[in-house]
Amino acid sequence: MLKNFLKEVISIVVGKPAEEVVDLLDSDKYVNEFIIAKKLGLTINQTRNILYKISDHGLVSSIRKKDKKKGWYTYFWKIEVLKSLEFLKEVVLKNLNQLKNQIKSRETKRFYTCERCNIEFNEENAMLHDFTCNECGEVFSVKDNEKVIKEFKKNEEKFGNKLKLINNV
Ligand SMILES: [Zn+2]
């Protein structure tokens, strides 16, 4: 469960292809970036770019060690689990807020739709279009908000459950 959450976080921050970096990072041991790069099948610069992006959000941290012979620095990385979960929690809360606003708007406002083109307008825009579709000439019908609200509430519940799961990790 934790791993899936962490993967989701990485996927949000740097994109889905990078999410497997989670499998290579530890939460209390620093891992050599060359090992990470090798296992990801990426160059060291590509790997660093990914890790820097993640570290911009404070979700990974690093220490560096100087190679005495070659004179260059190698970075060692670990994942910040608590911060990552906080990050995910914020994303979920944002989604929940959006849903709440959408539900409220559906409960209080009227929406119109062209059923043929499957497009939707709020009342103001529908009025501007004279309640007639630009594309096909069909007259708008009033959108059944109940159905939409039901769908939103389902998602609200899903996100609510997810929040609970994140809190319980
Ligand atoms: Zn239409």
Side-chain angles (χ1 to χ4, degrees), residues 1-25 36-37 39-43 45-60 77 79-169:
M1 182 62 81
L2 174 61
K3 209 157 230 188
N4 286 341
F5 285 147
L6 294 177
K7 282 186 177 175
E8 193 179 340
V9 169
I10 300 306
S11 173
I12 292 168
V13 175
V14 282
K16 185 126 179 107
E19 69 173 21
E20 59 178 313
V21 77
V22 169
D23 293 323
L24 309 171
L25 291 169
I36 298 170
K39 286 189 176 158
L40 287 177
L42 298 174
T43 67
N45 282 333
Q46 290 169 323
T47 306
R48 277 182 187 163
N49 280 338
I50 290 171
L51 289 162
Y52 286 149
K53 260 188 221 159
I54 303 169
S55 83
D56 281 345
H57 298 269
L59 310 179
V60 288
W77 300 86
I79 191 155
E80 297 293 335
V81 172
L82 281 180
K83 280 186 187 159
S84 297
L85 289 175
E86 278 304 315
F87 181 92
L88 189 57
K89 227 192 287 185
E90 267 171 42
V91 171
V92 174
L93 280 171
K94 215 185 271 172
N95 286 328
L96 269 172
N97 251 333
Q98 269 168 6
L99 278 169
K100 282 207 173 79
N101 288 332
Q102 280 169 320
I103 290 169
K104 206 167 143 196
S105 139
R106 292 284 160 172
E107 280 169 346
T108 51
K109 289 180 199 144
R110 220 191 258 253
F111 289 83
Y112 293 83
T113 175
C114 170
E115 276 164 5
R116 196 182 288 170
C117 302
N118 200 21
I119 41 177
E120 198 186 80
F121 299 86
N122 62 23
E123 185 143 36
E124 214 184 325
N125 285 328
M127 228 182 300
L128 285 175
H129 286 87
D130 245 342
F131 299 95
T132 310
C133 182
N134 270 350
E135 301 293 323
C136 71
E138 185 104 342
V139 175
F140 292 154
S141 50
V142 178
K143 181 93 180 177
D144 179 6
N145 275 343
E146 283 308 311
K147 249 193 235 162
V148 185
I149 289 170
K150 216 168 146 188
E151 206 49 44
F152 283 148
K153 286 198 166 158
K154 228 190 266 169
N155 283 333
E156 193 184 26
E157 200 187 326
K158 232 192 282 173
F159 282 119
N161 286 335
K162 189 166 179 184
L163 200 59
K164 273 185 220 150
L165 287 174
I166 298 170
N167 281 327
N168 287 331
V169 163

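Start at 1 and go down the list; that is how both ligands and their atoms are numbered. Residues take their numbers from the sequence shown, with the count starting at 1.
Annotation: salt bridge (charged side-chain N to carboxylate O under 4.0 Å, His left out) contacts of K53 (sequence neighbours excluded): none.
Taking 4.0 Å as the cut-off between side-chain N and carboxylate O, K109 and E120 do not count as a salt-bridged pair.
The stretch residues 141-169 participates, sequence neighbours left out, in no ring pair (Phe, Tyr, Trp, His ring centres under 6.0 Å) pair at all. Pairs of residues two or more places apart, or lying in two chains, that qualify as ring pair (Phe, Tyr, Trp, His ring centres under 6.0 Å) and include a residue from residues 116-146 are Y112-F131, F121-H129, F121-F140.
Excluding water, every protein N/O/S atom under 2.8 Å from the Zn ion (ligand 1) is given here by residue and atom: C114 SG, C117 SG, C133 SG, C136 SG.
The closest donor-acceptor contact from the side chain of T108 to the backbone of K104 lies under 3.5 Å. Distance alone, capped at 3.5 Å, is enough to place a donor-acceptor pair between the T113 side chain and the I119 backbone.
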